[in-house]
There are 2 protein chains.
Amino acid sequence: MFAPSEIDRIRRFHRAVTRETGVMDQSFLGRGRPLGAARVLNAIGRGTNEVAAIRDYLGLDSGLMSRLLRGLEDEGLVATSADPADARRRVVVLTPKGQAEFDAYEAISNDRAGRMIATHPNAEALIAAMDLIASALGRHAVELVETDPRSPEALYCLTEYFAELARRFERGFDVHLSKDPEATSMIAPQGGFFVAMSDGLPIGCGGLKGHWEDATPWGEVKRLWIAPSARGLGLAKRFMTRIEEAARTLGMTTLRLDTNSQLPEAVALYRRLGWTEIDRFNDDPYPDHFFEKHF
Amino acid sequence: MFAPSEIDRIRRFHRAVTRETGVMDQSFLGRGRPLGAARVLNAIGRGTNEVAAIRDYLGLDSGLMSRLLRGLEDEGLVATSADPADARRRVVVLTPKGQAEFDAYEAISNDRAGRMIATHPNAEALIAAMDLIASALGRHAVELVETDPRSPEALYCLTEYFAELARRFERGFDVHLSKDPEATSMIAPQGGFFVAMSDGLPIGCGGLKGHWEDATPWGEVKRLWIAPSARGLGLAKRFMTRIEEAARTLGMTTLRLDTNSQLPEAVALYRRLGWTEIDRFNDDPYPDHFFEKHF
DNA sequence: AAACATTTCGGACTCGAGTCAGCTAATTTT
DNA sequence: AAAATTAGCTGACTCGAGTCCGAAATGTTT
């Protein structure tokens, strides 16, 4: 029986995007500049300003980098100057003309991307598929960064998290009925809040809330969420490790958390990571499972 | 409120696969041959044997093509000879050594693809996402080809079709209870069977069954199915147009079809395409909607 | 048979990407 | 203060990809 193998299908995918990428590169060439120079300009425009960082990001030789930079300088698109902290290093910024050129490249990209979703009837599914693949391919480059729980990235994750709870809990979810931790209790030195960033996209979060008012202070794991497109990459475990580290650093010796049996993967995770189930320790209406860990 | 725009997400996807493709190209270089030559070798190995066809497929200049071919010939990987039908054209075949080299490249590709699915926990979803994207990007290159309903491609589509009916019908679906048309009634000159091919992958099918035994012969549309990853690309309409054409060519003036209200998108399609609902015309247990079209 | 078209071939060329070694200047280590 | 290290710059080089054009062989049309 004929059935296209998974490998055939991956390779078909590969050919499709390779073709697409080729078309994109061609359209970049439309601005009369070689691809290498365009890439450097793009990196600078995106906020990478140290020469070494650009070189590293694009994987270029120092000689080639230098020549590309000289070329952009001759065109009047960038200006370089010595780093005040260490005059061996150089920093590069876009001139107004360079910014205009960068914007033009952005417009090309956005235009292509926009046309793609505009002409596809099920753009949402298409983009979800892209997220899934981008997360899978870029899984080695996911960074957990500590951030303010009121930062845009954190708020984005929290909104998605609450929306998912509302979908998955039989009786829905209203964040106001639940104990919403004060943001300050999830900021050092009280606690911490972490967001997983994958190439600029926030794909998960996790918070540590400090309870310092009690006789023996303890920490509570809150708001652990991984984007559907990034599940299965081991991120939840990374968050838990990171949160434990933060708790230790802040001087806590006990961590607790609550969860719900309608999130079986969460319950399974905590069991697997060696947490022990305990009695209810709060009067929040949503959770029905409670865990604890000492160290 | 921060929310990554769809365009940001598409571009993130783009960066991720570009990186992946780059890595793939690098590993191709491991066999000590420039990428251009490797691409030509690959095209030949995949069964493209006329020089002009290869050039066309890879988009190469005739001079460059000639030189790459000469290089492969010097290495003893390919042999060229004049096309017996037109001695200006040349045909290229792999030598045994060339076949071995081609196999080695295949192994590299398969290995990378295999590793990707092996290390991803949800390979099935990943591949479904890839199919969706590949179909969306390659939608302009979908071909409807007439084929024997017993061909491997057709059987693959039919299997998927029946599996989907079994999932979607409340009481399941058993093909033996339904009137399974004889394959020969869906082969010219009795009828026809069509498969949509997207870069080698069958992504849909549709059959025309001829009823020549009746006083006024008529045609019946059967087995119309589009792969979930390819829905929304307008393929169903293309199939219907193609089937109508085939019916006209075979001398039919009436087409009928049956379908089920548990497939609302199908019912809507037939209405939209100007079919008129009629009374039941068979005793098949599954359908509950019947349509007709004259021309 | 002559004129014209098609297909491949090969040479001369351009261009972009990238490597390498040596250089200068700034900074850190000893 | 001398020596070692680091960051970036420069020139000379290689290599692959690709274009342009004319030659040669074959095929088609008039």
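Convention: sequence-line order gives letters A, B, ...; per-chain numbering from 1.
- A salt bridge links B:Glu101 to B:Arg31: one of the charged nitrogens lies within less than 4.0 Å of a carboxylate oxygen.
- Within a 6.0 Å radius of CZ in A:Arg15, other residues, nucleotides and ligands contribute more than 12 heavy atoms.
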Yes or no on side chain to side chain donor-acceptor pair (under 3.5 Å) for B:Arg55 and B:Ser66, after CA distance, side-chain angles and deciding distance? CA-CA 9 Å; B:Arg55 222 174 47 200; B:Ser66 180; over 6 Å; no
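- Rounded to an integer number of Å, the gap from CG of B:Asp56 to P of C:dT8 is 11 Å.
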Distances under 3.5 Å only, N/O to N/O: pair up the protein atoms with those of nucleotides 17-21 of chain D.
{"unit_1": "D:dA17", "atom_1": "OP1", "unit_2": "B:Leu35", "atom_2": "N", "d": "3.3"}
{"unit_1": "D:dA17", "atom_1": "OP1", "unit_2": "B:Gly36", "atom_2": "N", "d": "2.8"}
{"unit_1": "D:dT19", "atom_1": "O4", "unit_2": "B:Arg67", "atom_2": "NH2", "d": "3.3"}

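- For the OP1/OP2 pair of D:dT6 and a distance below 4.0 Å, the side-chain nitrogens and oxygens of A:Arg89 include no atom meeting the criterion.
- Separating the CG atom of A:Leu58 from the P atom of C:dG16 is a distance of 18 Å, rounded to the nearest angstrom.
- A:Met65 places its CE atom 12 Å from the C1' atom of D:dA7, with the value rounded to the nearest Å.
- Residues A:Leu60 and A:Val40 form a side-chain contact, since some pair of their non-hydrogen atoms from C-beta on lies under 4.5 Å apart.
- Using a 4.0 Å heavy-atom criterion, one finds that A:Ala82 contacts no nucleic acid atom at all.
- Within the structure, no pair that satisfies the ring-ring contact (aromatic ring centres under 6.0 Å, His included) test touches residues 31-65 of chain A, not counting sequence neighbours.
- In this structure, B:Arg33 does not reach the D:dG16 phosphate: none of its side-chain N or O atoms is under 4.0 Å from OP1 or OP2.
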Polar-atom pairs under 3.5 Å, protein N or O versus N or O of nucleotides 24-30 of chain D: list them with distances, or write none.
{"unit_1": "D:dG27", "atom_1": "OP1", "unit_2": "B:Ala87", "atom_2": "N", "d": "2.8"}
{"unit_1": "D:dG27", "atom_1": "O4'", "unit_2": "B:Arg88", "atom_2": "NE", "d": "3.4"}

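- Across the protein-nucleic acid pair, B:Leu69 atom CG and C:dT7 atom P stand 16 Å apart, rounded to whole Å.
- No donor-acceptor pair under 3.5 Å is formed between the side chain of B:Arg242 and the backbone N or O of B:Phe194.
- No option in A:Leu77, A:Val93, A:Leu94, A:Leu41 other than A:Leu94 meets the side chain to side chain contact (heavy atoms under 4.5 Å, CB included) test with A:Gln99.
- Heavy-atom contacts from other residues, nucleotides or ligands closer than 6.0 Å to CZ of B:Arg231 number more than 12.
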